[in-house]
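The next block holds one structure in the form of structure tokens; read it before the comments.
Residue numbers start from 1 in every chain, and the chains themselves are labelled A, B, ... in the order their sequence lines are given, proteins ahead of strands. Values reported hereafter were calculated over all heavy atoms of this structure, with side chains retained and with hydrogens, waters and symmetry mates removed.
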Amino acid sequence: TRSLLNDFQRSEGRELAPTVWNSARVLTLPGLTLEDCAKSCSKTLDCRAFNYETRPSITCKQLPWVEDGSNAEVKRNVNCDLYEKKVYVRKCIVGKGEDYRGKVSTTKSGHTCQQWWSKFPHDHRWIPSSTNGLELNYCRNPDGDPIGPWCYTTDQERRYESCNIPHCKDEVCITCNGEDYRGQVDHTENGMECQRWDQQFPHQHIYQPEKYPDKSLDDNYCRNPDASPVPWCYTIDPLVERESCEISKCSVVPKRRVRFSFTTNCFRGRGEDYRGKVNETTSSIPCQRWDAQQPHEHPFYPNTYECKGLEENYCRNPDGSEAPWCFTSVPQMRTALCLQIKRCADDIEAEDCYHENGKNYRGVVRKTRKGIFCQKWSVNTPHKTKINPETHPQANLTENYCRNPDGDQHGPWCYTTDPKTEFDYCAIKQCAGEKVSLIEPAEKVEFSECGKRDDRTPRSWSR
Amino acid sequence: IVGGVPGNSPWTVSLRDRKGNHFCGGSLVNSKWVISTKQCFSSCYVDLPGYSAMMGTLFKDPKEGEPDRQTIPLTKIVCGPSESQLVMLQLEYPAQFNERVSQICLPPERYIVPEGTDCEIAGWGETKGTGDETVLNVAQIPVISNKECNKYFRGRVRENEMCTNPFQGGVGACERDYGGPLACQNSDCWVLEGVIIPMRRCGHPGQPNIFIRVSVYVDWIKKVMEM
């Protein structure tokens, strides 16, 4: 049940493009599945990476290098994913590092390594071959030495020395419960290899990378998408669904996170940084203390999640839910969101004001209320305009100034330069003292095509 | 919904997070757009990978293969004018209208729904023990004037908000109903007059319910759908 893709690190939307004089060394294999492409590269000794192209046709291009700044360069290509053999790109070691194939060539005390093919200044019995990785003067561990990758040195006085290449579990440490961990550990604490997140075998799961872009569920690296106590992964063993990973804890929490991002009167985003003292649910039910297990048992022990501010019974968001929440003090309701806490206003300061509905505004504000710059009225990128100087010649649609050509009751607006936001209202507020007027009920309002409901209850609905 | 009963509301949709859990309500205002409340979403300037709208079923967690259930991914979120607390959510593909799924009418711009009009709220949220949380609950609730409502809330109810009658028995929306509809009858059609927003306390006896008055934002709603 082990996928050969486990040996590769994927770079989505990237391709490794060889230099012109190297292009002949690329092996092109059309029509292979991704797994077969990986299998073929694994079997080919000098294949270190492959481009897997899906358009215009499925093509597997095998390359004898990884991105090293000389033989090939990585380019953006939405129709291609680059897979590089981990052993050649990893900057850390697993186990004793016998499979390390990085390019470090100095020892821990700074000696330059001797070339493996050379017997000078130190004679030895190792002979480079196409399989043992004894390349140039890179640190290697051909004899499984517990000190990890080492080399003979060019210093007459020092025969050999370790290169001090860090273990992956120490290379990147974790803070709190490791939700931000983006390191390259790909085995569990019991040494079991991890399953790729973008595969559903041997274990089906909900944590698909494209659904959780913020969790960086890369390859088969340990991650923590569900606020577990530590990073974990699904395993390649059908009998063991998931296990925690052993990763060093950082000794110091970065100060910046502590000072700048916590809020107490409102919450931003999903409220993970809310540290206020609201301690009841929207429906005024008191929250249960986090350090209590009654009436609801739960896994969120304050000392396990020491960075989540699980004090007293305050509303908090330790697990990436949609908003701050808490366990409630009533047995029938396990948890509830605390949506009554206000969201922090993320509008920028208004830079001007308008009268009535702003139809006659002729100022020079050109930012939306979120601070995004406006798109010019006369261009069609990133958004194709339906309202522009041609359609509304009288509306003074100049440059990218905020205007109200369609008499929008909510004030001047503009198309935005954010591809995700077609139009938005501007950083302009209504001048003081002006009010929105509502109209009294119109006599007969007619509707069609909507709001129809069959109020008879068909038997089939009574399950 | 506190004080409701199982019922039918074909324009009410259940908004689902990335784990497929129901977390808020919404209303279908045409085959491709749902209205809900900003309070349910972390931001309006992000993608919505994995979020979806479920409709066409009365059950909060329908079984696989439930007939007529439609679960459509959300592809876009648009924030309403700042004080509106509204968002519009675009569906990846149009909902299929049928006996169980239909769009609700929008009121005329800046229309004040007359006091005493018969309305209802619907949702799959918290019932506080007054109902069955596995199905859609609906509660009948008539409109009261803002003037009347301000007596209880001491003048805090704004013109872009509206209220419904406080029952002594306690009727109202609660957790995970937010974003859902206050639908009011107009001859044989139902009109989306209000959107449920979080309030202090749910279904509290004698407390009016406050909603965002949709008619103030109908121009924005139509503009988003047209643009």
## Note on the structure
Nearest heavy-atom approach of B/Cys105 to A/Gly451 is SG-N, 3.6 Å
### Message
Quick check for you: to the nearest 0.5 Å, what is the distance between A/Asp424 atom CG and B/Ser82 atom OG?
### Response
7.5 Å
### Query
Does B/Asp17 come within less than 4.0 Å of A/Arg270, counting only side-chain N to carboxylate O?
no
### Task
Step through the shown structure and confirm whether more than 12 heavy atoms of other residues, nucleotides or ligands are within 6.0 Å of CD on A/Glu349.
no
## Note on the structure
For B/Arg176 and A/Thr335 the tightest heavy-atom approach is NH1-O, 4.2 Å
#### Entry: Other residues, nucleotides, ligands: >12 heavy atoms within 6.0 Å of A/Asn265 CG
no
#### Entry: Interatomic spacing from CG in A/Asp346 to SG in B/Cys79 - rounded to 0.5 Å
7.5 Å
### Task
Pick one of side chain, backbone, both or neither for A/Thr281, based on which atoms fall under 4.5 Å of a heavy atom in chain B.
both
### Message
What's the separation between atom CE in B/Met227 and atom CD1 in A/Ile387, rounded to the nearest 0.5 Å?
### Response
5.0 Å
### Message
How close do A/Tyr425 and B/Pro81 get, counting heavy atoms only, and between which atoms?
### Response
CE1-CG, 3.7 Å
### Query
So how far is it from B/Arg110 CZ to A/Gln409 CD, rounded to the nearest 0.5 Å?
4.5 Å
### Query
What do the steps show when you test A/Met333 against B/Glu126 for side-chain contact (heavy atoms from CB on, under 4.5 Å), and what is the final call?
CA-CA 9 Å; A/Met333 189 195 299; B/Glu126 179 60 42; 3.2 Å; yes
### Message
Quick check on B/Leu106 against chain A: is it the side chain, the backbone, both or neither that has a heavy atom closer than 4.5 Å?
### Response
backbone
### Message
Can you confirm whether B/Lys60 is buried at NZ, in the sense that more than 12 heavy atoms of other residues, nucleotides or ligands lie under 6.0 Å from that atom?
### Response
yes
### Largest heavy-atom contact set with chain A, pairs under 4.5 Å, which of B/Cys44, B/Cys202, B/Pro6
B/Cys202
### Summary
Counting heavy-atom pairs under 4.5 angstrom with chain A, the leader among B/Phe97, B/Tyr217, B/Phe23 is B/Tyr217
### Message
Between B/Asp219 and chain A, with a heavy-atom cut-off of 4.5 Å, which part of the residue counts as in contact: side chain, backbone, both or neither?
### Response
side chain
### Task
Name the member of A/Ser321, A/Gly411, A/Ser283, A/Gly271 that forms the most heavy-atom pairs with chain B at distances under 4.5 Å.
A/Ser283
### Task
Please report the closest heavy-atom contact between A/Cys450 and B/Ile104, naming both atoms and the distance.
CB-C, 3.9 Å
### Query
Atom OH of B/Tyr178 and atom CG of A/Leu337: how far apart are they, to the nearest 0.5 Å?
8.5 Å
### Query
Which atoms of B/Lys38 come close to chain A, meaning under 4.5 Å heavy atom to heavy atom: side chain ones, backbone ones, both, or neither?
both
### Interface residue of largest heavy-atom contact number with chain B, from A/Asp408, A/Ile206, A/Val330, under 4.5 Å
A/Asp408
### Task
Please step through salt bridge (Lys or Arg N to Asp or Glu O under 4.0 Å) for the pair B/Lys222 and A/Asp406, ending with a clear verdict.
CA-CA 12 Å; B/Lys222 288 179 179 173; A/Asp406 56 347; over 6 Å; no
### Query
Any idea which of A/Lys342, A/His383, A/Arg369 has the most non-hydrogen atom pairs under 4.5 angstrom with chain B?
A/Arg369
### Query
Which atoms of A/Lys384 come close to chain B, meaning under 4.5 Å heavy atom to heavy atom: side chain ones, backbone ones, both, or neither?
neither
### Task
Check each atom of B/Val224 against the heavy atoms of chain A and say whether the ones under 4.5 Å are side chain, backbone, both or neither.
both
### Option in A/Gln208, A/Glu280, A/Lys370 with maximal non-hydrogen atom pairs under 4.5 Å from chain B
A/Lys370
### Query
Between A/Lys420, A/Lys211, A/His410, which residue shows the highest count of heavy-atom pairs closer than 4.5 Å to chain B?
A/His410
### Query
Do the non-hydrogen side-chain atoms of B/Cys40 and A/Glu322 ever get within less than 4.5 Å of each other?
no
### Query
Within the side chain of A/Lys386, is there an N or O that forms a donor-acceptor pair under 3.5 Å with the backbone of B/Glu226?
yes
### Message
Do A/Tyr207 and B/Arg18 make a side-chain contact, defined as non-hydrogen atoms from C-beta onward lying under 4.5 Å apart?
### Response
no
### Message
Less than 4.5 Å apart, side chain to side chain, heavy atoms only: is that true for B/Cys189 and A/Lys452?
### Response
yes
### Contacting region of A/Gln332 [heavy-atom separation from chain B under 4.5 Å]
neither
### Query
What part of B/Trp220 lies closer than 4.5 angstrom to a heavy atom of chain A: side chain, backbone, both or neither?
both
### Gap between atom CG of B/Asp177 and atom CG of A/Leu339 - 0.5 Å precision
11.5 Å
### Message
Counting C-beta onward and ignoring hydrogens, is there a side-chain heavy-atom pair between A/Glu422 and B/Val78 closer than 4.5 Å?
### Response
no
### Task
Go through the atoms of B/Gln39 and report whether side chain, backbone, both or neither lie under 4.5 Å from a heavy atom of chain A.
both
### Task
Examine whether an atom of B/Lys19 lies under 4.5 Å from a heavy atom of chain A, and if so say whether it belongs to the side chain, the backbone or both; otherwise answer neither.
both
### Message
If we define contacts as heavy-atom pairs under 4.5 Å, which of B/Pro10, B/Ser102, B/Ser84 has the most with chain A?
### Response
B/Pro10
